[in-house]
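Everything on this sheet refers to the single structure shown next.
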Amino acid sequence: MNIGVSSHFSLIDHHGQTVADTDYRGSFMLVYFGFTHCRVVCPRALSKLSTVLDQLGDRSRMLTPLYITVDPQRDTPEVMRTYLETNFPRFTGLSGTPQQVDGVKQSFRVFASRKADSNEPDGYTMPHTAIAYLIGPDGEYRAHFADNLEVETIVARLNVILEQGAER
Amino acid sequence: MVGQFDSNDLAWVEQLPKLDDLQAGSLNRIFDLAAQLPDDWSGMMGRSTLQEDFGSLRFQLAYMSYALALAHVHRLPAAPELFRKPFDQLIQKILSPDVWTYWHYVGTGNGPFNRALGELPATWDPVERDNIMYSAYVQSMALLYHYLFRDDKYAKDGALTFSVKPLFWGMGGRHFPYDERSLNEHIYWNMVQRGYLGIACEPNCVFQVCNQVPILGFRFHDLVYGGSLTEEVTDGYLKAWEEFGVLDDSGHYRMMVQEHERAAVSFPDQPWVDFWMASLMHAWNPDMVQRHYPDQLAHWAVEGPDGTLSIKPTIPPNGSDRYSARDFGWAAVCASEVGDDETLSRLLAYADRFLHPTRSDGAYFYRRHDQLLDADGNFAAMDPHTGNALLAYARLNVSGGLQKLFAGPLGDSHFAQPTLVDCTPGLDVRRAWFASDRNALVLTVAKATETGPVRLEVGNGVGRGDCRLLRDGRPFDDHVYLRGERLIIEFELQSETTLVLSWV
């Protein structure tokens with residue numbers, strides 16, 4: 001079913017390399033959007049997804065976990081690298097220019113909007129879509145996992161999809 | 001004896017739901033309108049033009065279908081075939097270009113609430129972007145139909161195709177094929193992309209109430225296909241609306257948010273906003289609704305003569321005389337849903353006295369009336385949406401009816417139970433209930449429009465054991481016989497009759 005989600009992007013990874021979605025062909029991509037100043041949603045989701053990857057065991061090697069920022073103004077590749085290597089080392093961070101990030105948000109149909117908040121660093125926060133996307137080795141959307149799903153549910157669904165993927 | 005019960009003691013039957021005359025009349029009105037020929041909108045046209053107001057055809061069709069669902073599930077659950085065809089007819093009608101081609105113009109925007117977007121390109125696909133005030137009704141009706149009748153008719157490719165076939169322009173017309181799943185997915189992703197705040201109706205205008213409808217649709221999707229879209233969306237919805245408040249500081253529901261400006265818009269003295277929101281949101285957020293309903297009702301209610309109750313009507317802006325009864329209608333629906341029986345009774349008493357009640361060939365409705373007040377100063381306006389759909393909905397609903405439907409009451413056992421699958425056309429079915437504890441199907445029927453013996457056909461009745469039939473408490477076994485997989489009951493009907501078909 002064509003739901004209008006495309007995996008197209010051109011961004012910079014947290015090693016400073018320019019990357020595109022096509023560079024990940026042949027592997028499943030597990031993509032999560034967020035920003036490193038996120039207090040609750042991102043840490044919870046990245047922690048949960050890291051547990052999912054642990055529980056997948058060897059099968060997790062079929063996946064490339066990516067964390068794409070919706071806050072490129074603050075989340076430079078260096079900031080992303082420090083944040084992820086310290087907290088969620090399974091993930092590779094992707095950033096870019098505001099235009100590049102807007103493009104990937106549009107591709108994945110992600111919502112993110114800057115919202116003034118005097119209690120937050122720099123006076124703003126970024127409410128954003130809290131969905132993990134699964135993109136197939138062919139670059140096509142396969143599934144998504146909402147924030148309210150438990151680890152066990154995600155693992156079970158991933159196992160089914162990855163098993164099918166391995167048989168192709 | 002049937003089991004441990006005395007089979008001739010029918011006191012228990014009187015405890016089962018049975019339609020009264022006005023409920024049956026309200027249902028017949030919906031049946032009549034659903035059965036009108038395609039694009040015959042007789043009795044459904046209001047004052048406004050271009051399908052622009054909250055009483056437009058799409059709303060009438062949708063809330064008539066919801067009323068059918070509630071009446072079926074809560075009052076006549078053993079008569080699905082009484083409801084399936086009219087429900088389907090309403091879905092077919094909402095697909096008519098008469099109902100949705102307004103979008104070609106409305107979608108261009110450039111009005112008071114979306115001028116910031118400028119003039120947008122005219123489009124024909126009525127569900128592609130925005131227009132949740134239409135798309136979600138199609139989505140929810142199709143998925144509700146599937147859920148109620150276990151009929152996947154609208155799951156088939158292209159089963160929900162929006163098609164306009166003009167003769168003199170367009171070279172073949174416009175066709176936009178969807179089905180219940182693709183439409184649901186489309187709406188879901190539009191909702192995701194809006195951060196769950198909601199999808200706009202007119203461009204830039206995210207009405208809270210219109211975004212309750214896709215939530216109903218997501219729930220019916222989850223009931224049919226599994227998954228947890230509903231929980232995901234309602235969680236996200238509440239978080240998104242924290243920015244503006246589901247309610248304003250005075251305890252009334254926010255009407256809408258301008259998407260581009262990220263600004264809440266409210267108008268004073270719009271009772272329909274409170275009552276419509278409460279009626280629908282009660283399905284998934286009943287605690288909030290119940291908490292605020294008493295104050296909202298107290299704010300909007302107007303005492304009527306002789307213990308009746310009315311609602312302060314919205315006065316149209318800019319000197320318009322397009323009055324409607326939708327404040328009143330939604331208050332009645334809301335009272336029915338929150339279980340405020342006294343208020344519902346007082347409102348319906350007012351309607352039955354002042355709001356132009358009409359009986360026609362077994363149907364009961366409230367005919368259109370364009371003046372705001374009668375000679376004595378009583379509120380008197382009536383519009384087709386309220387007169388055909390909303391007051392029927394209120395009368396046929398039960399306390400928490402939508403909430404219970406949302407919970408998903410129909411399991412495999414329901415679909416395996418004996419049911420009325422066919423009957424003499426026009427037969428007035430007042431009761432259809434399978435009492436599983438007594439293994440008995442109870443049917444109460446009144447007059448039929450056709451002369452001669454009446455015929456009732458019961459499905460799922462074969463293989464359950466020996467059956468026996470009582471008519472008004474007396475043995476009536478010689479009037480039931482087997483034909484194929486159906487049990488057929490035939491008899492002369494002079495007056496209201498209760499049949500109990502039981503298995504031992």
Side-chain angles (χ1 to χ4, degrees), chain A residues 1-7 31-35 38-42 44-45 48 70-71 102-120 124-134 140-154 156-157 160, chain B residues 125 127-129 139 155-160 176-200 206 211 218 221-222 225-244 257-264 284:
Chain A
M1 185 180 299
N2 178 11
I3 56 168
V5 172
S6 152
S7 67
V31 182
Y32 192 81
F33 288 81
F35 64 115
C38 183
R39 290 177 188 270
V40 178
V41 177
C42 285
R44 185 182 64 208
K48 180 168 71 176
V70 295
D71 185 15
D102 281 346
V104 69
K105 281 164 53 184
Q106 191 68 28
S107 292
F108 281 80
R109 305 190 69 169
V110 162
F111 169 82
S113 175
R114 180 170 167 147
K115 181 184 171 189
D117 187 336
S118 58
N119 295 320
E120 294 290 333
Y124 73 92
T125 184
M126 296 287 293
H128 60 87
T129 298
I131 280 176
Y133 295 78
L134 183 69
E140 295 294 319
Y141 163 89
R142 289 294 173 83
H144 70 278
F145 307 105
D147 195 39
N148 60 359
L149 294 181
E150 302 291 338
V151 167
E152 294 72 23
T153 306
I154 300 173
R157 290 193 194 172
V160 171
Chain B
D125 183 343
V127 303
E128 182 185 11
R129 62 174 170 84
Q139 168 225 19
K156 295 178 170 55
D157 284 350
L160 297 172
F176 306 100
Y178 293 83
D179 58 67
E180 65 188 24
R181 282 179 292 188
S182 64
L183 180 58
N184 188 76
E185 287 271 356
H186 182 69
I187 291 172
Y188 167 79
W189 283 102
N190 276 338
M191 190 73 90
V192 169
Q193 206 162 8
R194 265 63 176 252
Y196 303 107
L197 182 72
I199 299 168
V206 179
N211 281 283
F218 293 140
H221 170 275
D222 289 348
Y225 294 105
S228 56
L229 292 183
T230 317
E231 186 185 351
E232 177 193 335
V233 171
T234 52
D235 286 354
Y237 179 93
L238 291 174
K239 288 192 187 94
W241 277 88
E242 283 174 3
E243 183 178 348
F244 307 101
V257 162
Q258 286 177 287
E259 200 171 21
H260 179 77
E261 295 86 348
R262 302 292 291 182
W284 64 274

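Chain naming here is simple, since letters A, B, ... match the order of the sequence lines and numbering starts at 1 in each. Heavy-atom basis, side chains included; hydrogens, waters and symmetry copies ignored.
The shortest heavy-atom contact between A:Leu149 and B:Ser228 is CD2-OG, 3.8 Å. When all heavy atoms are compared, the tightest approach of A:Asn148 to B:Asp235 is CB-OD2, 4.2 Å.
For A:Asp117, the CG atom sits in a packed shell: over 12 heavy atoms of surrounding residues, nucleotides or ligands are nearer than 6.0 Å. Remark: A:Gln106 CD is loosely packed, at most 12 non-hydrogen atoms of other residues, nucleotides or ligands lying under 6.0 Å away.
For the set B:Lys239, B:Arg262, B:His186, B:Glu231, the entry with the most heavy-atom pairs within less than 4.5 Å of chain A is B:Glu231.
Under the 4.5 Å side-chain criterion, counting only non-hydrogen atoms from C-beta, A:Thr129 is not in contact with B:Gln193.
Between B:Tyr188 and A:His144, the ring-plane angle classifies as parallel under the 30° and 60° cut-offs.
Atom OG of A:Ser113 and atom CD of B:Glu243 lie 7.0 Å apart (nearest 0.5 Å).
The side chain to side chain contact (heavy atoms under 4.5 Å, CB included) with B:Val192 is formed by just one residue from the set A:Val5, A:Val110, A:Ile131; it is A:Ile131.
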Full working for side chain to side chain contact (heavy atoms under 4.5 Å, CB included) between A:Arg109 and B:Asn190: CA-CA 8 Å; A:Arg109 305 190 69 169; B:Asn190 276 338; 2.6 Å; yes
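Note: B:Trp189 and A:Tyr133 meet the aromatic proximity criterion, with ring centroids under 6.0 Å apart.
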